[in-house]
Amino acid sequence: MEKKGFLIDMDGVIYRGSEPIPGAVEFINRLRDMGYPFLFLTNNSQRTNRDVCYKLRKMGFNVNDEDIFTCAMATARYLASRKENGTAYVIGEGGLLTELHNIGYSIVDDHPDFVIIGEGRTIMLESVDKAINMILGGAKLIATNLDPNCPVGNGKYRAGCGAFVAMLEFATGRQAFSVGKPSPVMMRMARKMLGLSTDQTIMIGDTMGTDILGAGSMGFTTVLTLSGVTKEADLAQFGYTPDFIIHSIRDLLDDGLFGRVLAERGCFLVGEEK
């Protein structure tokens with residue numbers, strides 16, 4: 001068996017809300033049984049990989065903590081490579097704070113090395129004002145991701161990390177450095193964690209602007225599933241295309257299509273015979 005591996009987005013790809021997408025549990029079991037390495041990628045920095053793993057196991061997925069890689073983990077690893085034992089002012093939640101503590105960073109309220117923005121449901125204007133002054137005072141602005149909004153179920157959304165980052169960029173005139181998808185930083189880290197080369201890596205995602213753009217820019221094989229954010233009618237808006245387009249991850253239980261994805265042979269389009 002030629003070595004191949006999978007990077008897999010989660011919300012909209014393997015589950016919606018608290019329910020697995022039909023065929024997703026079986027597909028992950030198939031990868032495990034056949035020896036294909038995989039890693040779940042998420043741009044949600046709120047929870048630790050252990051928290052995410054617990055959620056997936058409750059849905060019936062056979063996964064471990066090591067199978068999940070969050071943008072908070074990627075951000076922490078990036079910062080550790082830039083400055084050891086640094087300081088940060090953080091607008092975010094527990095998952096991000098935990099990862100920063102794990103690399104030896106201190107969370108401070110004045111004169112930080114970095115201002116770090118992650119996902120948050122209780123962001124206060126006072127925190128934003130403090131961040132603005134810290135950035136103008138010399139702190140570097142780091143974003144875990146630039147997603148403008150986040151789905152919360154029932155077709156509704158809330159403001160994402162990117163919305164707050166844009167506000168800080170406009171207020172300070174400084175541009176943030178983002179680590180999460182589609183940044184090559186997170187994509188490259190994930191590939192290396194699986195021990196894969198570029199041509200051995202396959203990305204499955206539901207979002208053109210993060211999953212497909214990031215993976216395609218890295219030269220990975222890209223599989224877009226229409227079970228999440230992106231719909232068939234949206235594809236005309238983009239100047240790039242996935243290598244494969246599927247209705248849902250259940251399609252990959254088909255041996256013929258799965259083999260084509262592994263071999264990068266052609267493109268399976270919506271409505272095409274598998």
Side-chain angles (χ1 to χ4, degrees), residues 5 7-10 37-54 63-120 123 127 130-131 134-135 137-147 160-162 164-165 168-169 172 174-198 201 203 210-211 214-215 217-218 220:
L7 304 178
I8 308 170
D9 184 45
M10 294 193 294
F38 63 89
L39 190 65
F40 293 112
L41 303 187
T42 175
N43 263 4
N44 191 325
S45 64
Q46 291 176 247
R47 297 177 177 84
T48 66
N49 61 332
R50 178 170 297 179
D51 298 331
V52 175
C53 180
Y54 178 78
V63 295
N64 304 305
D65 295 358
E66 296 76 19
D67 296 324
I68 293 104
F69 189 46
T70 72
C71 61
M73 298 169 67
T75 299
R77 295 183 186 193
Y78 170 77
L79 291 174
S81 72
R82 307 303 297 176
K83 183 179 178 64
E84 293 184 1
N85 301 316
T87 60
Y89 179 73
V90 177
I91 297 179
E93 297 193 22
L96 178 56
L97 295 169
T98 296
E99 297 302 332
L100 292 172
H101 284 144
N102 286 344
I103 62 164
Y105 264 55
S106 299
I107 309 304
V108 299
D109 286 321
D110 57 77
H111 300 95
D113 298 314
F114 301 95
V115 169
I116 306 174
I117 313 299
E119 298 295 339
I123 294 176
S127 299
K130 289 180 70 173
M134 291 172 179
I135 296 165
K140 298 176 177 63
L141 178 58
I142 302 292
T144 60
N145 66 89
L146 294 177
D147 294 45
C161 181
F164 297 103
V165 171
L168 289 172
E169 289 180 328
T172 63
R174 310 288 172 81
Q175 185 173 4
F177 182 82
S178 176
V179 180
K181 300 178 295 183
S183 168
V185 175
M186 185 172 182
M187 291 294 185
R188 188 178 298 111
M189 286 181 184
R191 174 183 65 76
K192 290 182 177 180
M193 287 172 68
L194 293 182
L196 301 173
S197 62
T198 294
T201 308
M203 176 78 210
T210 53
D211 305 318
S217 297
M218 293 293 293
F220 304 162

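- Annotation: ring-ring contact (aromatic ring centres under 6.0 Å, His included) contacts involving residues 74-105, sequence neighbours excluded, comprise Tyr78-Phe177.
- Gly118 and Ser45 make their closest contact through CA-OG, 3.5 Å (heavy atoms, listed as atom of the first residue, atom of the second, distance).
- Screening Thr42, Asp211, Asn145 for a side chain to side chain donor-acceptor pair (under 3.5 Å) involving Lys181 leaves a single residue, Asp211.
- Between the side chain of Gln46 and the main chain of Gly95, no donor-acceptor pair closer than 3.5 Å is present.
- Every residue two or more places apart in sequence or in another chain that forms a ring pair (Phe, Tyr, Trp, His ring centres under 6.0 Å) with Phe40 is listed here: Phe38.
- Scanning both residues, Ile135 and Arg174, for their nearest heavy atoms gives O-NH1, 3.0 Å.
- Here the CE atom belonging to Met193 is positioned 9.5 Å from the CG atom belonging to Asp67, to the nearest 0.5 angstrom.
- Across Asp9 and Leu41, no two heavy atoms sit closer than the pair OD1-O, 3.3 Å.
- The CD atom of Glu119 lies 11.0 Å from the OG1 atom of Thr70; values are rounded to the nearest 0.5 Å.
- Asp65 and Asn49 form no side-chain donor-acceptor contact under 3.5 Å, judged by distance and modelled atom types alone.
- Closest approach of Met186 to Ala74, counting heavy atoms only: CG-CB, 3.9 Å.
- Atoms CE and CE, on Met203 and Met187 in that order, are 5.0 Å from each other to the nearest 0.5 Å.
- No option in Ile117, Asn43, Asp147, Leu146 other than Ile117 meets the side-chain contact (heavy atoms from CB on, under 4.5 Å) test with Cys161.
- Between Met189 and Arg77, the shortest heavy-atom contact is CE-CB, 3.8 Å.
- Distance check: Leu96 CG to Met73 CE gives 12.5 Å after rounding to the nearest 0.5 Å.
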Between side-chain atoms of residues 108-115 and protein atoms elsewhere (two or more places apart, or another chain), which donor-acceptor pairs fall under 3.5 Å?
unit_1: Asp113; atom_1: OD2; unit_2: Thr87; atom_2: N; d: 2.9
unit_1: Asp113; atom_1: OD2; unit_2: Thr87; atom_2: OG1; d: 3.1

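- Between the CD1 atom in Ile103 and the CG atom in Asn85 there is a gap of 8.5 Å [rounded to 0.5 Å].
- A donor-acceptor contact shorter than 3.5 Å links the side chain of Arg191 to the backbone of Leu196.
- Put simply, the side chain of Ile116 reaches to within 4.5 Å of the side chain of Leu100, judged on heavy atoms.
- Atom CG of Leu194 is separated from atom CZ of Phe69 by 10.0 Å, given to the nearest 0.5 angstrom.
- Of all non-hydrogen atoms in Gly180 and Cys71, the two that sit nearest each other are CA-CB, 4.0 Å.
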